[in-house]
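Worksheet for the structure shown next.
Residue numbering restarts at 1 for every chain, and letters A, B, ... go by the order of the sequence lines. The figures that follow rest on heavy atoms only: side chains count, while hydrogens, waters and symmetry mates do not.
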Number of protein chains: 2
Amino acid sequence: MTTPLPRQLVRGSSSGVAIMAVFDLLGRKWNMRIMWELNSTSLSFRGLQKRCDSMSPSVLNTRIKQLTESELIFTTSEGYKLTELGLSLMNTLNPLREWAAEWEDKVAK
Amino acid sequence: MTTPLPRQLVRGSSSGVAIMAVFDLLGRKWNMRIMWELNSTSLSFRGLQKRCDSMSPSVLNTRIKQLTESELIFTTSEGYKLTELGLSLMNTLNPLREWAAEWEDKVAK
DNA sequence: TAATATCGCTACTTATTTCGTAGCGACACT
DNA sequence: AGTGTCGCTACGAAATAAGTAGCGATATTA
């Protein structure tokens with residue numbers, strides 16, 4: 001069976017494709033961080049920028065587009081907000097906070 | 001260049017520092033993927049490489065060093081394995097598989 | 001009304017990260 | 001000695017992120 005599928009979609013069962021896409025999205029600088037900051041409040045462009053270590057506006061702009069396209073955030077008059085999907089993602093990622101603390105203790109960065 | 005400090009340590013309360021370090025680690029290409037592949041079995045260098053879409057050996061090598069330094073993986077005669085810490089991280093990341101499927105349904109990448 | 005300030009965002013250059021390939025020395029098997 | 005595979009490194013090219021200046025729009029103050 002020859003296949004025209006992209007490399008990353010070739011292997012892995014159908015249940016594995018989705019998670020690879022997630023790794024692709026979250027495994028990019030700033031995406032997790034942006035979601036994390038938006039978890040508590042909605043933020044304006046410059047507000048978000050300042051919270052994310054004053055990341056460059058050009059990169060922030062492309063990230064916002066990506067995350068919007070992926071339906072994880074959306075724009076309102078009060079600023080950027082997480083969508084339902086985005087909120088549910090942050091919920092699954094919540095245990096990470098606790099793990100991080102434990103990890104910090106043991107590894108002592 | 002304004003500051004020699006790592007990005008994640010500049011800002012954020014003491015309770016937030018750990019999670020920022022995690023974002024820094026996981027928000028790098030391949031790190032999540034490598035952990036994911038090692039969750040089921042231990043793998044050799046070239047085995048791991050093939051499972052990760054034949055990623056370049058130079059990058060894999062630096063990733064392995066990073067993850068080893070962070071005490072998430074370690075080397076054995078049978079190949080690379082997750083540490084206890086690494087295993088617990090993958091456990092917290094497990095719900096992501098389910099979320100990914102749901103996300104795929106709704107967004108239809 | 002006009003000057004000033006801040007906003008979201010773009011354009012552009014420079015720095016950093018990742019990719020892709022070739023190949024080394026070590027070990028195994030023939 | 002010849003062939004194969006191993007973990008891994010070197011190095012140039014390509015892709016991505018950082019850094020800075022500034023535009024047009026709106027809000028604010030004089």
Cationic N near anionic O, under 4.0 Å, B:Glu37 to B:Arg33: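 Salt bridge between B:Glu37 and B:Arg33, a charged N being under 4.0 Å from a carboxylate O: yes.
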
Could you tell me whether B:Lys106 and B:Glu102 have a side-chain N and a carboxylate O separated by less than 4.0 Å?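 Yes, this pair counts.
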
Distance, rounded to the nearest Å, where [X] contributes [atom1] and [N] contributes [atom2]:
X       : N      : atom1 : atom2 : value
A:Phe23 : C:dT18 : CZ    : P     : 17 Å
B:Met55 : C:dT17 : CE    : C1'   : 12 Å
A:Lys65 : D:dT16 : NZ    : P     : 15 Å
B:Gln66 : C:dT16 : CD    : C1'   : 13 Å
B:Asn61 : C:dT21 : CG    : C1'   : 16 Å
A:Arg33 : D:dA18 : CZ    : P     : 11 Å
B:Leu60 : C:dC19 : CG    : C1'   : 13 Å
B:Gln49 : C:dT21 : CD    : P     : 12 Å

Do you know the tightest heavy-atom contact between [X] and [Y]?
X        : Y        : value
A:Ala101 : B:Ala18  : N-CB, 4.1 Å
A:Ser70  : B:Val107 : O-CG2, 3.6 Å
B:Leu38  : B:Leu43  : CD2-N, 3.7 Å
B:Ser56  : B:Gln49  : C-NE2, 4.4 Å

Proximity to the side chain of [X] - top-ranked nucleotide from [options]:
X       : options                : value
B:Pro57 : C:dG8, C:dT21, C:dC19  : C:dT21
B:Phe45 : D:dC8, C:dC9, D:dA17   : D:dC8
A:Ser58 : C:dT18, D:dA18, D:dA17 : D:dA18
A:Arg63 : D:dA17, C:dT10, C:dA22 : D:dA17
A:Trp30 : D:dA17, D:dT9, C:dC19  : D:dA17
A:Ser56 : C:dC9, D:dG19, C:dC19  : D:dG19

Could you check A:Arg28 against A:Arg46 and say which one's nearest nucleotide on DNA chain D is further toward the 5' end?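 Here A:Arg28 is the residue nearer the 5' end.
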
When all nucleic acid strands are considered with a 4.0 Å heavy-atom cut-off, which category describes A:Ser44: base, sugar-phosphate, or nothing?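 If one applies the 4.0 Å heavy-atom cut-off, A:Ser44 turns out to touch the sugar-phosphate alone, with no base involved.
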
Side-chain touch B:Leu89/B:Leu82, heavy atoms, less than 4.5 angstrom: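 Result no, sub-4.5 Å side-chain heavy-atom pair not found.
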
Would a 4.5 Å heavy-atom cut-off, applied to side chains only, mark B:Trp99 and A:Val22 as touching?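 Of all side-chain heavy-atom pairs linking A:Val22 with B:Trp99, at least one is under 4.5 Å.
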
Treating Ile, Leu, Val, Met, Phe, Trp and Tyr as nodes and any side-chain heavy-atom pair under 4.5 angstrom as an edge, say whether A:Met90 and A:Ile64 lie in one connected cluster.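 Hydrophobic grouping puts A:Met90 with A:Ile64.
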
Side chain of A:Thr83, backbone of A:Leu72: donor and acceptor closer than 3.5 Å?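 Yes.
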
What residues from residues 73-81 of chain B pass a heavy-atom cutoff of under 4.0 Å to DNA chain D?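 Under 4.0 Å from DNA chain D: B:Tyr80.
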
Considering the terminal five base pairs at each end of the helix from C:dT1-D:dA30 to C:dT30-D:dA1, what angle separates the two local helix axes, rounded to 10°?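 Nearest ten degrees gives 20° for this helix.
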
For a quick test of reading the model: is some side-chain N or O of B:Lys50 closer than 4.0 Å to OP1 or OP2 of D:dG7?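 Indeed not, no polar side-chain atom of B:Lys50 lies that close.
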
